[in-house]
Novice: 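Before I ask anything, let me first share the structure, which is written out below as structure tokens.
Here the structure is a predicted model, which is why all the values come from computation and not from measurement. Residue indices begin at 1 and follow the sequence shown.
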Amino acid sequence: MDIKQNCDIEMIINIQKKMVPEITETFVQRYNLLRLIHYYQPIGRRNLANFMGMGERVIRGEVGILKEQNLIEIKAEGMNTTGLGENTLEKTRMFIHWFKGLKDIEEQVKDKLQIKEVFVIPEFERDPELVIREVGRVTSIYLKSILKQNAVVGITGGHTMAMVAEEMTDEQLKISNVTVVPGRGGLGREVEKQANTIAAKLAHKLKGTYKLLHMPDNISKDILKSLLQDPNVKEAVDCIENIEILVFGIGRADKLAARRGLDKGKIEELLKQYAVAEAFGYYFDKSGRIVQEVDTVGVSLEHYKKLKHVIAAAAGAEKAEAIMAISELNKNLVLVIDESLAKKLTK
């Protein structure tokens with residue numbers, strides 16, 4: 001879509017909002033209904049009413065309209081989106097950005113952080129999990145758009161990264177021989193959120209191969225030197241050094257320190273040093289200055305700074321300072337965030 005078409009659509013939407021102000025609320029409400037049905041299908045009216053915070057009678061009327069337009073189908077087990085509904089949902093996402101002014105917010109965040117690109121996901125306060133899934137979906141779409149033959153992709157662990165792998169599809173996939181590796185060692189006890197698990201799942205979705213890093217993230221450098229004598233470990237570490245595209249989540253310094261098992265005293269010390277983010281073996285303040293170094297296995301800070309393709313995904317306004325810190329390290333950053341976090345960054 002060219003600039004003139006964008007301007008025409010924006011003008012029409014602005015006129016509609018002035019002439020029929022209630023159109024925005026109705027449009028966003030039906031969009032949320034359709035996206036909920038898409039992610040939780042098959043879903044019944046009662047659950048849908050709970051998600052939306054609306055009465056079942058109102059929901060019955062709204063889903064009736066969606067059904068009349070052949071956007072959903074209603075079966076005994078619940079409601080599902082149709083092929084037309086899926087297609088409509090995909091196209092509607094662009095218009096939601098205009099209706100909610102998210103295009104302007106994306107530009108504001110991009111200009112403020114001076115980074116490559118920003119994608120903002122519409123918030124939905126009644127179901128934060130749905131927003132994280134959409135952050136994962138948009139991240140997967142962008143990742144797929146920049147993949148090339150023989151690419152080496154690194155991905156870190158965490159809930160949001162698990163959603164990236166979950167939402168990845170093989171539609172329009174025209175590349176082959178992609179290798180996916182964990183960007184860091186294991187952290188925490190939840191296997192499904194470990195970088196190894198996510199890397200393997202993403203590789204499967206991309207019909208590629210993967211390497212696993214069978215060691216914890218906070219291993220000491222002395223032990224790492226010994227483990228590097230093992231051919232399998234060395235192969236994985238060498239592959240990490242060849243990462244061309246890195247996809248990673250962003251977390252607060254205090255939360256990540258707790259996941260690493262740091263005691264309360266050390267976490268308080270980090271906070272006194274104004275640490276807001278942890279990545280690549282370092283804790284940073286919001287200006288991107290290093291305040292502490294930690295033992296870690298994975299992509300190094302120097303490697304990260306040289307990468308041309310770095311994609312960060314996050315949701316939650318509390319991560320604003322962490323993003324400010326990380327955005328100082330590599331201006332090639334592409335950021336996929338939710339609306340609440342984007343609004344916090346603009347402030």
Side-chain angles (χ1 to χ4, degrees), residues 1 9-10 12-103 105 119-141 159-160 162-164 166-169 171-172 315-316 336-343:
M1 190 175 291
I9 291 171
E10 192 168 4
I12 291 168
I13 288 173
N14 285 334
I15 291 172
Q16 287 177 329
K17 287 164 75 174
K18 288 178 181 177
M19 294 287 290
V20 195
E22 65 272 20
I23 194 172
T24 300
E25 183 179 348
T26 302
F27 186 70
V28 172
Q29 179 174 285
R30 288 182 185 159
Y31 167 74
N32 283 331
L33 277 169
L34 199 56
R35 73 202 278 220
L36 276 166
I37 294 169
H38 162 73
Y39 281 114
Y40 293 112
Q41 59 188 322
I43 183 172
R45 288 196 188 96
R46 182 173 298 177
N47 284 336
L48 195 58
N50 289 337
F51 273 123
M52 292 292 293
M54 298 164 61
E56 285 192 54
R57 181 180 296 178
V58 178
I59 286 291
R60 188 178 296 112
E62 290 295 300
V63 299
I65 292 170
L66 296 179
K67 186 177 185 298
E68 285 175 11
Q69 300 303 316
N70 195 31
L71 300 177
I72 65 169
E73 55 184 4
I74 303 174
K75 298 179 179 180
E77 64 270 21
M79 290 171 278
N80 297 276
T81 47
T82 62
L84 178 61
E86 295 287 329
N87 190 40
T88 301
L89 184 62
E90 191 61 42
K91 291 179 178 177
T92 302
R93 288 183 173 108
M94 177 182 68
F95 289 98
I96 283 291
H97 271 61
W98 273 304
F99 267 92
K100 300 195 73 176
L102 299 183
K103 279 288 179 187
I105 293 175
F119 298 99
V120 175
I121 307 304
E123 64 186 347
F124 187 53
E125 292 180 1
R126 297 192 65 86
D127 187 10
E129 181 65 18
L130 181 145
V131 176
I132 293 173
R133 290 187 69 164
E134 291 215 331
V135 167
R137 184 191 65 84
V138 172
T139 304
S140 72
I141 290 171
H159 184 40
T160 307
M163 286 297 105
V164 174
E166 180 69 29
E167 295 297 320
M168 176 62 75
T169 66
E171 294 174 23
Q172 300 176 330
V336 185
I337 55 177
D338 72 313
E339 186 178 347
S340 66
L341 178 48
K343 286 178 177 177

Novice: Looking at every non-hydrogen atom in both residues, tell me the closest pair between Arg45 and Ile59 and how far apart they are.
Specialist: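 Between these two residues, the closest heavy atoms are O-CG2, 4.2 Å.
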
Novice: Got a donor-acceptor contact below 3.5 angstrom from the Glu134 side chain to the Pro122 backbone?
Specialist: no

Novice: State, with a plain yes or no, whether a side-chain heavy atom of Glu129 is found less than 4.5 Å away from one of His159.
Specialist: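 They are in side-chain contact.
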
Novice: Of all the heavy-atom pairs spanning Ser340 and Glu123, show the shortest one and how long it is.
Specialist: CB-OE1, 3.7 Å

Novice: Is it true that atom CD of Glu90 has more than 12 heavy atoms of other residues, nucleotides or ligands lying nearer than 6.0 Å?
Specialist: yes

Novice: How about Ile337 and Val135: do any of their side-chain heavy atoms sit closer than 4.5 Å?
Specialist: no

Novice: Starting at CE of Met163, measure out to OG of Ser140 and round the result to the nearest 0.5 Å.
Specialist: 11.0 Å

Novice: Do you know the tightest heavy-atom contact between Leu33 and Leu66?
Specialist: CB-CD1, 4.1 Å

Novice: Would one find more than 12 heavy atoms of other residues, nucleotides or ligands at under 6.0 Å from atom CZ of Arg126?
Specialist: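 It does: Arg126 CZ has more than 12 such atoms within range.
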
Novice: Do the side chains of Arg93 and Arg137 get nearer than 4.5 Å, heavy atoms only?
Specialist: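 Yes, their side chains come closer than 4.5 Å.
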
Novice: Okay, side chain of Glu86, backbone of Gly83: is any donor-acceptor separation there less than 3.5 Å?
Specialist: no

Novice: Short question: side chain of Asp338, backbone of Ile121 - any donor-acceptor pair under 3.5 Å?
Specialist: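 Absent.
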
Novice: Out of curiosity, Lys67 NZ to Thr82 OG1, how far, rounded to the nearest 0.5 Å?
Specialist: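 One gets 10.5 Å once the value is rounded to the nearest 0.5 Å.
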
Novice: Using 0.5 Å steps for rounding, measure from the CZ atom of Arg30 to the OG1 atom of Thr26.
Specialist: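 The OG1 atom of Thr26 is 6.0 Å from CZ of Arg30, to the nearest 0.5 Å.
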
Novice: Would you compute the distance between atom CD1 of Ile105 and atom CG of Leu341 and round it to the nearest 0.5 angstrom?
Specialist: 11.0 Å

Novice: My understanding is that only one of Met54, Arg60, Glu56 makes a side chain to side chain contact (heavy atoms under 4.5 Å, CB included) with Val58; could you say which?
Specialist: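 For Val58, the side chain to side chain contact (heavy atoms under 4.5 Å, CB included) test succeeds with only one of Met54, Arg60, Glu56, which is Met54.
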
Novice: What are the two closest heavy atoms between Lys75 and Asn80, and how far apart are they?
Specialist: CD-ND2, 4.1 Å

Novice: Locate the shortest heavy-atom distance separating Phe95 from Phe27; write the atom from each residue and the value.
Specialist: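 Minimum heavy-atom separation between Phe95 and Phe27: CB-CZ, 3.9 Å.
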
Novice: I need the Glu125 CD to Asn32 CG distance, nearest 0.5 Å.
Specialist: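 Those atoms lie 11.0 Å apart.
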
Novice: Looking only at atom types and distance, does a side-chain atom of Thr81 sit under 3.5 Å from a main-chain N or O of Ile72, one as donor and one as acceptor?
Specialist: no

Novice: At what distance, to the nearest 0.5 angstrom, does CD1 of Ile132 lie from CD of Glu167?
Specialist: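 Separation between the atoms: 12.0 Å.
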
Novice: Are the side chain of His97 and the backbone N or O of Phe119 linked by a donor-acceptor pair below 3.5 Å?
Specialist: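 Such a contact is absent between His97 side chain and Phe119 backbone.
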
Novice: Pair Tyr39, Asp127 - check side-chain contact (heavy atoms from CB on, under 4.5 Å), show working.
Specialist: CA-CA 11 Å; Tyr39 281 114; Asp127 187 10; over 6 Å; no

Novice: I need the minimum non-hydrogen distance between Met52 and Leu36, along with the two atoms involved.
Specialist: SD-CD1, 3.4 Å

Novice: Do Tyr40 and Leu48 touch side chain to side chain, with heavy atoms closer than 4.5 Å?
Specialist: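 A side-chain contact is absent here, since even the closest heavy-atom pair is not under 4.5 Å.
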
